[in-house]
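One structure below.
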Amino acid sequence: MRNAWLFLIFIGAFAFFTSCDKKRVYDEYKPVKGGWDKDSTLVFKLGKLDSLQNYNLFLNVRNNKDYNYRNLFLITEMRFPQGKVITDTLEYEMAAPDGTWLGTGFGDVKESKLWYKENVSFTEPGEYRIAIKQAMRKNDQVDGIENLEGITHVGFRIEKDLQ
């Protein structure tokens, strides 16, 4: 009898937490193992999206204590089905001036939900792709950091713009 109650509580909690995220349309993470190589591109293939709906787009980054920088530079490419490409160079703060991580989470791993684009509509039929590369460099150096330590996962999230 006790196991049945525990099972019901588990099912109820699971249903509660999964149903609270009504804005989520797409949410996927890619692991980054052994450091993020400067030539490594993470690609997210977006499924069919409602062409009449507006969306907000986010980059999700998980980092641990091995990340040695206060900011993060990324290069993104949004590839449209008909061949158009929009490239952005982005900078995000990952830590406060005193070194405190800005992300959420317990322990060594912090997760940051970073704004990418807002009020976006996907009007071309077909598959969209988002490509993300790290673009970190040390001060006064032209060449990028070969292997960026401390980033454990990079994700891409789409939410319905409910305004």
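Count residues from 1 along the sequence.
Side-chain atoms of Ser112 and Tyr92 form no donor-acceptor pair, as typed in the model, at a separation below 3.5 Å. Counted by atom type alone, Asn64 and Asp108 present zero donor-acceptor pairs between their side chains at under 3.5 Å.
Not one N or O on the side chain of Thr41 forms a donor-acceptor pair closer than 3.5 Å with the backbone of Ala131. Panel note: side chain Arg129, backbone Lys45; no donor-acceptor pair is recorded below 3.5 Å.
Linking ILVMFWY residues whenever their side-chain heavy atoms come closer than 4.5 Å, directly or via other members, leaves Val109 and Val154 in distinct clusters. A chain of hydrophobic side-chain contacts below 4.5 Å, direct or via other Ile, Leu, Val, Met, Phe, Trp or Tyr residues, connects Phe156 to Ile86. Hydrophobic clustering (ILVMFWY, side-chain heavy atoms < 4.5 Å, transitive): Phe58 and Met78 are in distinct clusters.
The two residues Tyr55 and Asp50 make their nearest non-hydrogen contact at OH-N, 3.0 Å. Across all non-hydrogen atoms, the minimal contact from Glu149 to Asn147 is OE2-ND2, 3.1 Å. Shortest non-hydrogen contact noted between Arg70 and Pro97 is NH2-CG, 3.4 Å. Closest approach of Tyr67 and Met136 over heavy atoms only: OH-CE, 3.6 Å. In terms of heavy atoms, Val25 sits closest to Lys160 at CG2-CG, 3.6 Å. Between Thr123 and Tyr128, the shortest heavy-atom distance links the atoms N-OH, 3.4 Å.
Side-chain atoms of Gln134 and Val32, non-hydrogen and from C-beta on, never get closer than 4.5 Å to each other. No side-chain heavy atom of Tyr69 sits under 4.5 Å from any side-chain heavy atom of Asn63. A 4.5 Å side-chain heavy-atom check between Asp27 and Asn60 finds at least one atom pair inside the cut-off. Between Pro31 and His153 there is a side-chain heavy-atom pair separated by less than 4.5 Å. With contacts defined as side-chain heavy-atom distances shorter than 4.5 Å, the pair Lys117/Asp88 qualifies. Taking 4.5 Å as the limit, every side-chain heavy atom of Asp161 sits out of range of all side-chain heavy atoms of Glu118.
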Quick one, Leu59 with Phe44, criterion side-chain contact (heavy atoms from CB on, under 4.5 Å). Give me CA distance, side-chain angles, the key distance, then yes/no. CA-CA 11 Å; Leu59 305 175; Phe44 298 88; over 6 Å; no

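To the nearest 0.5 Å, the span separating CG on Leu148 from CZ on Phe73 amounts to 12.0 Å. The distance from the CD1 atom of Ile151 to the CG atom of Leu74 is 8.0 Å, given to the nearest 0.5 Å. To the nearest 0.5 Å, the span separating CD1 on Ile130 from CZ on Arg79 amounts to 10.5 Å. Rounding to the nearest 0.5 Å places NZ of Lys110 at 7.5 Å from OG1 of Thr104. To the nearest 0.5 Å, the span separating CG on Asn56 from CG on Leu162 amounts to 8.5 Å. Within the model, atoms CG of Asn71 and CD of Glu91 stand 4.5 Å from one another, a figure rounded to the nearest 0.5 Å.
Tyr29 belongs to no hydrophobic cluster with other residues, because no ILVMFWY side-chain heavy atom falls under 4.5 Å from its own, directly or through intermediates.
Around atom NZ of Lys113, more than 12 heavy atoms belonging to other residues, nucleotides or ligands sit under 6.0 Å away.
With sequence neighbours excluded, the residues forming a side-chain contact (heavy atoms from CB on, under 4.5 Å) with Thr87 are Ile75, Glu77, Val85, listed by chain and number.
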